[in-house]
Amino acid sequence: MLVSLTEMCQKAKAGKYAVGQFNINNLEWTKAILLTAQECNSPVILGVSEGAGKYMCGFKTVVGMVNGMLEELGITVPVALHLDHGTYEGTKKCIEAGFSSVMFDGSHYPIEENIAKTKELVELAHSKGISIEAEVGAIGGEEDGVVGGGEVADPNECKMIADLGVDILAAGIGNIHGVYPENWTGLNFDVLAKVQEATNGIPLVLHGGTGIPDDMIKTAISLGVAKINVNTECQLVFAEATRQYIEAGKDKQGKGFDPRKLLAPGFDAIKAKVKEKMELFGSVNKA
Ligand code: 13P
């Protein structure tokens, strides 16, 4: 059964580790992530962007697929199905469709509007037992057509949003989606510490997990980060494994590729990547 992320992230914060959010795009990714979480005895968060939800035929299809897999694969570790960077409308749709958790990203609105919309959605989500993540200070880079400028959050604004009762808070600290540029100056830990101090111990989220050096990940966890999002790294290993398979020409002697065999190396590559991240984040055996 799907669970909200509240308990798993509070436990992570108290135990000084982080739960990984891995974005899903199709059946293979979902199955690879769920099986790895079970093998690692780790809690896990499946992230779904609105674009990925559309690609998978809509949020109801995603809910049906994930619930089916939990049952048929015998998954017993805590799993949250979480909307990633939701719009106001998308967040409402996921709450209706049966997600166990949502993120409303109002970071591009003026703070008053972010507060008003977040407040309304907190009440709606909580009335159905669903957890909610909010964001202050846009995460830079591009994700699914949403472009952010890599802002650093204002700790006072973080407090205003945290005080609305959100379960977990994403604060921009110089992190960006996708691969970091050569001249990236790293995460701003001073701001992270100030955000944590201002927000009364709420678990924090680190977006843009791809390419952040291991020591920075560990420092972020020590400063209150309890959820880390990873997407691009899974895309890269999936694409590379598939490319190698095709280049090796492992088709049926010129009769074409069996799609199940074609996607198997990418599936294995995602499993290995997710395991590596769960070990780094410290969530192995924390289910
Ligand atoms: P990356 O694609 O940089 O790993 O970021 C993922 C993310 O933050 C999803 O919200």
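In each ligand, atom 1 is the first atom listed, and ligand 1 is the first ligand listed.
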- Between E233 and ligand 1, which part of the residue brings a heavy atom under 4.0 Å of the ligand: side chain, backbone, both or neither?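 No part of E233 comes within reach of ligand 1.
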- Where on D84 is there a heavy atom closer than 4.0 Å to ligand 1, on the side chain, on the backbone, on both, or on neither?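 Under 4.0 Å from ligand 1, D84 contributes side-chain atoms alone.
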- Does any donor atom in the side chain of H207 or N229 lie under 3.5 Å from an acceptor atom in the other side chain?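 Side chains of H207 and N229: pair found under 3.5 Å.
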- Indicate the ring-plane relationship of F257 and Y245, choosing parallel, tilted or perpendicular according to the 30° and 60° boundaries.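 Correct class here is tilted.
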For ligand 1, which atoms sit closer than 4.0 Å to a heavy atom of [X]?
| X | answer |
| --- | --- |
| G178 | 1 (P), 2 (O), 3 (O) |
| H207 | 8 (O), 10 (O) |
| H85 | 10 (O) |
| V230 | 4 (O) |
| T232 | 1 (P), 2 (O), 3 (O), 4 (O) |

- Query: N/O to N/O below 3.5 Å, does that happen between T210 and ligand 1?
  - Reply: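 Between T210 and ligand 1, an N or O pair is found under 3.5 Å apart.
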- Is N23 close to ligand 1, meaning an N/O of one under 3.5 Å from an N/O of the other?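 Between N23 and ligand 1, no N or O pair is found under 3.5 Å apart.
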- Task: Determine whether I161 and I202 fall in the same hydrophobic cluster, where Ile, Leu, Val, Met, Phe, Trp and Tyr are linked whenever their side-chain heavy atoms lie under 4.5 Å apart.
- Result: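 Yes, it is one cluster - the side chains of I161 and I202 are joined through contacts under 4.5 Å.
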- Salt bridge present between K60 and E96 (N-O < 4.0 angstrom):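 Between E96 and K60 there is no salt bridge, as every charged N stays at least 4.0 Å from the carboxylate O atoms.
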- Query: Salt bridge or not for K54 and E50, using N-O below 4.0 Å?
  - Reply: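 Result for this pair is no, no salt bridge flagged.
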- Item | Straight-line distance of N114 CG to D105 CG, nearest 0.5 Å |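 Answer for the CG-CG pair, N114 versus D105, is 8.0 Å.
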- Message: Any non-hydrogen side-chain atom of T118 less than 4.5 Å from a side-chain atom of Y109?
- Response: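 Result no, sub-4.5 Å side-chain heavy-atom pair not found.
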- Give me the one residue out of K271, E276, K273 that meets side chain to side chain contact (heavy atoms under 4.5 Å, CB included) with V237.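 Single side chain to side chain contact (heavy atoms under 4.5 Å, CB included) partner of V237 among K271, E276, K273: K273.
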- Message: Could you check whether any heavy atom of G209 sits closer than 4.0 Å to an atom of ligand 1, since that is the contact criterion I want to use?
- Response: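 Per 4.0 Å heavy-atom rule, G209 contacts ligand 1.
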- Item | Non-hydrogen atom of H177 closer than 4.0 Å to ligand 1 |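 Under 4.0 Å: yes for H177.
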